[in-house]
Protein chains: 2
Amino acid sequence: MTSPESREPQPPASRRIAQALRSAIESGELRAGAKLPSERALAEQYGTARNTAREAVRLLSEQGLVKAEHGRGVFVREPQRLFRFGSDRYSLKNRESGLTPFRLEAKKQGKTARIDVVSIANEVPPADVAERLGVPGDVASVVHRENHYYADEEPVQIVSTYLRWSEAEGTLLTQPKTGPNGIYGRLEDLGHVMTTIRDEITARMPSPHETAVLGLSPGVPVLEVLHTSFDQDGEAFEVSRYVHRADVTGLKYDLPVQ
Amino acid sequence: MTSPESREPQPPASRRIAQALRSAIESGELRAGAKLPSERALAEQYGTARNTAREAVRLLSEQGLVKAEHGRGVFVREPQRLFRFGSDRYSLKNRESGLTPFRLEAKKQGKTARIDVVSIANEVPPADVAERLGVPGDVASVVHRENHYYADEEPVQIVSTYLRWSEAEGTLLTQPKTGPNGIYGRLEDLGHVMTTIRDEITARMPSPHETAVLGLSPGVPVLEVLHTSFDQDGEAFEVSRYVHRADVTGLKYDLPVQ
DNA sequence: AAGTGGTCTAGACCACACT
DNA sequence: GTGTGGTCTAGACCACTTC
């Protein structure tokens, strides 16, 4: 070696640009909603090709820090106030309001709620659902209800509810309008009183379909909740999969210890 | 117009390549762990420049479907078995085992657990912590303990625990070894019996620091749990922030209804 | 040495938003 | 029309892995 320790290996130009922009955002120099310099301007400023500046912006976008808008520019993402789904959403006392938990939360935030019934069908259940509901995973043993939830016309979550076909067939559970107190009311008619629930939570990047339905921009993950309701006999009688957009959604669980 | 409706606007080449690969993965043609064709091979196969094929791979990587390994190739990501953190992790009965919940779960999965105490310091709390702990957010009102958790030497989660400095000062709570039953044992000595807890859950993309500590590959989000412990008087006495890597971690909550 | 992904250049044209 | 991001080309060199 001619020069034993001449210099540290520098990070690539794209990362250095990204780091500079990140610092500007974190220091408040670039506030939420502010427009970043254009890719061409960044390229000139740092003496690189446009693609390199573009890569820097992509890194920030991947980290969920900024959002590119075609034809307009790249903007610092606004910190979103969260749509909170609390563990009390399963509480029976919410029944009295006559509103579903989602409508209640939307009202609390001064937003209008809309729920689309996308489909209701007799289907073969996904493996994880079949396992939890205790039904065969290779025949059409469930009714699958898919709903989309909107707040102020913004899509917030995708919900798939699965019920035993043997119980639901021929009842209001296979109809769009399920009657008083919704599906839980009808399930009580069938002798299932919700006694305990289990929520299994994961996070992941959305599928292209979820990206489209939820209108997600790159760098926004989803929260997936696989929910199981157990009745007074400890039997699972309903399984739902909630897919929330993580940029505007949070979950909250209050529980006693021991 | 010469040809009124000659053809549909095709999706860009990069998306078409990505979709073809996605289909191959979902159909099982490309199994978990399988190696994708090299970027140069894909480019030739589809008659595009290498950058275009590369963009296709990037799209899949962003969706968490594949993982690029420098010098080796791009591989279909293995479905990870989850490290499950259940709501019983706060249960007092776990005390009897003498193991912390993390060690218990690791043992259950036949993995070796390691917990690094990264730092213990008297600090100014983050705003969300100050709010929940009921302490001033502009002075060094808390002790902050940062731990890193490993399973089989793989980093799994980053935990920051915050306690009131006024209570912790001069006690074992500011020491790496906190004595029997850990910090909760010492907090009981101070008269705080954990009675209820609240977990607030969000998902987001990791910061560069978290990416480095957790060894995350692109397209893997993190689960953030802001945990608050309340004592017999309903007073918050401990707040912790758990940052889990979402590719190997899940949460599970069992709770009674009403 | 050969093959792979990682970064970069210096252009080009297209699609979209704004005025 | 002008400026913006979105996509693409046809190269190049570097860093890492494998043989």
Side-chain angles (χ1 to χ4, degrees), chain A residues 1 6-21 30 33-62 64-77 208 211-212 215-219, chain B residues 1 6-21 30 33-62 64-77 208 211-212 215-219:
Chain A
M1 302 180 205
S6 49
R7 49 179 169 75
E8 292 293 298
Q10 283 218 345
S14 53
R15 294 191 187 250
R16 280 188 287 115
I17 300 174
Q19 185 49 50
L21 291 171
L30 282 169
K35 185 166 171 295
L36 268 59
S38 77
E39 294 172 352
R40 289 163 177 89
L42 284 171
E44 191 182 9
Q45 181 182 342
Y46 287 91
T48 69
R50 181 187 157 204
N51 273 355
T52 302
R54 184 175 170 74
E55 169 74 6
V57 172
R58 197 188 59 70
L59 285 168
L60 296 178
S61 160
E62 211 173 54
L65 233 72
V66 303
K67 176 177 180 173
E69 297 185 26
H70 196 168
R72 304 214 320 124
V74 178
F75 301 86
V76 180
R77 205 168 279 194
T211 301
L216 295 175
S217 37
Chain B
M1 302 181 203
S6 49
R7 48 178 169 75
E8 292 292 300
Q10 283 215 346
S14 53
R15 294 191 186 249
R16 280 188 286 114
I17 300 174
Q19 185 50 49
L21 290 171
L30 282 169
K35 186 167 170 298
L36 269 58
S38 78
E39 294 171 352
R40 287 164 178 88
L42 284 170
E44 191 181 9
Q45 182 182 341
Y46 287 92
T48 69
R50 181 187 157 205
N51 274 354
T52 302
R54 183 174 172 74
E55 170 74 7
V57 172
R58 198 187 60 69
L59 285 168
L60 295 178
S61 161
E62 208 172 58
L65 232 71
V66 302
K67 176 178 179 170
E69 296 185 25
H70 195 169
R72 303 213 322 123
V74 179
F75 301 86
V76 181
R77 202 168 279 190
T211 301
L216 295 175
S217 38

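Lettering follows sequence order; numbering is per chain, from 1.
- The nearest pair of heavy atoms linking A/Ala18 to A/Leu60 is O-CD2, 3.7 Å.
- Between the base of C/dG5 and the side chain of B/Arg40 there is a donor-acceptor pair shorter than 3.5 Å.
- Listed nucleotides C/dA17, C/dG11, D/dG11 differ in distance to B/Asn51; the shortest reach to its side chain belongs to D/dG11.
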* Structure fact -> Here DNA chain C, pairs taken as Watson-Crick or G-U under 3.5 Å and shown with ( ), [ ] when crossing and | when to another strand, reads ||||||||||||||||||.
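- Other residues, nucleotides and ligands contribute over 12 non-hydrogen atoms within 6.0 Å of the CD atom of A/Gln45.
- Taking only side-chain nitrogens and oxygens, A/Arg50 never comes nearer than 4.0 Å to OP1 or OP2 of C/dA10.
- Across the protein-nucleic acid pair, B/Glu39 atom CD and C/dC8 atom P stand 15 Å apart, rounded to whole Å.
- Between the CZ atom of B/Arg58 and the C1' atom of D/dT7 there is a distance of 12 Å, given to the nearest Å.
- Between B/Arg54 atom CZ and D/dT7 atom P there is a gap of 16 Å when expressed in whole angstrom units.
- In this structure, CG of B/Leu36 is placed 9 Å from P of C/dG5, rounded to the nearest angstrom.
- If you measure from atom CG of A/Leu42 to atom P of D/dG3, you get 17 Å, rounded to the nearest angstrom.
- Residues A/Lys35 and A/Leu30 approach most closely at O-CD2, 4.1 Å, considering heavy atoms.
- Comparing C/dG6, C/dT4, D/dT9 by their nearest atom to the side chain of B/Lys35 picks out C/dT4.
- Nearest heavy-atom pair across B/Ile17 and B/Ala53 is CD1-CA, 4.2 Å.
- Across all strands, B/Val57 comes closer than 4.0 Å to no nucleic acid atom at all (heavy-atom distances).
- Nearer to the 5' terminus of DNA chain D, by closest-nucleotide assignment, is the contact made by B/Ala13 (compared with the other of B/Ala13 and B/Arg72).
- Where stacking is scored as ring centres under 5.5 Å apart with planes under 30°, B/His70 does not register as stacked on the base of C/dG6.
- A close approach under 4.0 Å does occur between a side-chain nitrogen or oxygen of A/Thr52 and OP1 or OP2 of C/dT9.
- Here the side chain of B/Pro12 is nearest to one of D/dT7, C/dT9, C/dT4, namely D/dT7.
- Here the side chain of B/Arg16 pairs a donor or acceptor atom with the backbone of B/Pro11 at under 3.5 angstrom.
- When rounded to the nearest whole Å, the span between CD of B/Glu44 and P of C/dT4 equals 11 Å.
- Taking atom CD on A/Glu69 and atom C1' on C/dA15, their separation rounds to 15 Å, with Å as the unit.
- With D/dG5, C/dT4, D/dT7 as the candidates, the nucleotide lying closest to the side chain of B/Glu55 is D/dT7.
- Residues A/Lys67 and A/Val74 fail the side-chain proximity criterion, which asks for heavy atoms closer than 4.5 Å.
- Closest approach of B/Ser14 and B/Ala56 over heavy atoms only: O-CB, 3.2 Å.
- The residues A/Glu62 and A/Arg58 are annotated as salt-bridged, a charged nitrogen and a carboxylate oxygen being separated by less than 4.0 angstrom.
- Here the P atom of nucleotide D/dG6 and the NZ atom of A/Lys67 are 11 Å apart, to the nearest Å.
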